[in-house]
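Chain letters run A, B, ... following the sequence lines, proteins first and then strands; every chain starts at 1. Values below: every heavy atom of this structure, side chains too, minus hydrogens, waters and symmetry copies.
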Amino acid sequence: MSQRTAGYRLPTDWPTTEAEATAVQLSLRERVERYADESVEGPAVGTGTVVGVDVAYDDERDVVAAAAVALDGGTLEVLASATAVGRVAFPYVPGLLAFREIPAVLGALERLDRTPDLVVCDGYGLAHPRRFGLASHLGVLTGLPTIGVAKNPFTFRFEAPGPRRGDWSPLLDGGEEVGRALRTRDGVKPVFVSVGHRIGLAAACAHTLALARDYRLPESTRRADSLCREALRAG
DNA sequence: GCGACAG
DNA sequence: ATCTTGTCGC
């Protein structure tokens, strides 16, 4: 026992400075469960409940809105969704995105009446300056399997993958492979996949391809993106 | 010191 | 992230 029964909760000591935030990352990264790249452990592809999370901001009003959308991993149909609106908890600082997004994301997950088999984040996991991006952080705080699917290569390098859907190339930080540039649509620019918690890199890419069946981005993040924007207007 | 920099 | 219409192309 002890996966979670009482909901997700935000640590009471949420950082307010960059130094504190960085220290938290260095500490929590020890708690990430890493699987081998080709590991078949973790959530099965094409089944179960996949949850996409995303956040939208209105810096004018200092308001943030998050959304969590649960999809059927096989049909990609929406099963349930939830949103949370609050105050911006941290400024945007490259490498510290999690401190800005996670408070609101946990609120939305809390209100979601489903237990995710996998959570898909809009951003990075392992592919991070300190190997502890948004997806890694959310995974550690919730205990759930997580992956990060980003739209930009951040500070990393990569050779263009082949032109077809499914083609990929290593995403590199120096000589270390921290993720993959994965083509989800023929002839369209790739997305950048990295593992968060309790999943391997090949499985993370397989899930991404299954979710990005009709568009470049995973259906989970597309639904979460539109929903949090809608919630931002309303809230 | 300068430039780059997930969302 | 966000400011923002139409438009070229399959």
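Comparing atom distances between the Arg229(A) side chain and each of dA6(B), dC5(B), dT2(C) picks out dT2(C) as nearest. Comparing dG7(B), dT2(C), dC5(B) by their closest approach to the side chain of Pro94(A) singles out dC5(B). With dA6(B), dC5(B), dG7(B) as the choices, the nucleotide that has an atom nearest any side-chain atom of Glu101(A) turns out to be dG7(B).
Under the stacking criterion of a centre-to-centre distance below 5.5 angstrom and an interplanar angle below 30°, Tyr92(A) sits stacked against the six-membered ring of dG7(B).
At whole-Å resolution of the value, OH in Tyr124(A) and C1' in dC5(B) are 11 Å apart. Nucleotide dC5(B) holds its P atom 18 Å from the CD atom of Glu18(A), rounded to whole Å. Atoms CG (Asp62(A)) and P (dA1(C)) sit 18 Å apart, rounded to a whole Å. Going from atom CD of Glu230(A) over to atom C1' of dT2(C) covers 18 Å, rounded to whole Å. The CZ atom of Phe154(A) sits 14 Å away from the P atom of dA1(C) (whole-angstrom rounding). Atom CZ of Arg222(A) and atom P of dG7(B) are 16 Å apart (whole Å). At whole-Å resolution of the value, CG in Leu182(A) and P in dA6(B) are 19 Å apart. Protein atom CZ of Phe156(A) is 12 Å distant from nucleotide atom P of dC5(B), rounded to whole Å.
Close to dC5(B), at under 4.0 Å from its OP1 or OP2, lies no side-chain N or O of Asn152(A). Contact annotation: Lys151(A) does not reach the phosphate of dA6(B) (side-chain N/O to OP1 or OP2, under 4.0 Å).
Relative orientation of the Trp14(A) and His137(A) rings is tilted, given thresholds of 30° and 60° on the angle between their planes.
Classification of Arg222(A) and Asp225(A) as a salt-bridged pair fails, no side-chain N sitting under 4.0 Å from a carboxylate O.
Residue contacts shown for Asp54(A) are limited to sugar-phosphate atoms, with no base heavy atom under 4.0 Å away. At the heavy-atom level, Leu96(A) lies under 4.0 Å from base atoms of the strands shown. Heavy atoms of Gly148(A) sit nowhere under 4.0 angstrom from any nucleic acid atom. Nucleic acid contact for Ala127(A): none, since no nucleic acid atom lies under 4.0 Å from a heavy atom of the residue.
No more than 12 heavy atoms of other residues, nucleotides or ligands sit less than 6.0 Å from atom CZ of Arg223(A).
Judged by distance alone, with hydrogens and angles left aside, the side-chain atoms of Arg87(A) form no donor-acceptor pair with the main-chain N or O of Val63(A) at under 3.5 Å.
Taking the ring centre of Tyr35(A) as origin, the terminal cationic atom of Arg198(A) falls outside the region bounded by 6.0 Å and 45° from the ring axis.
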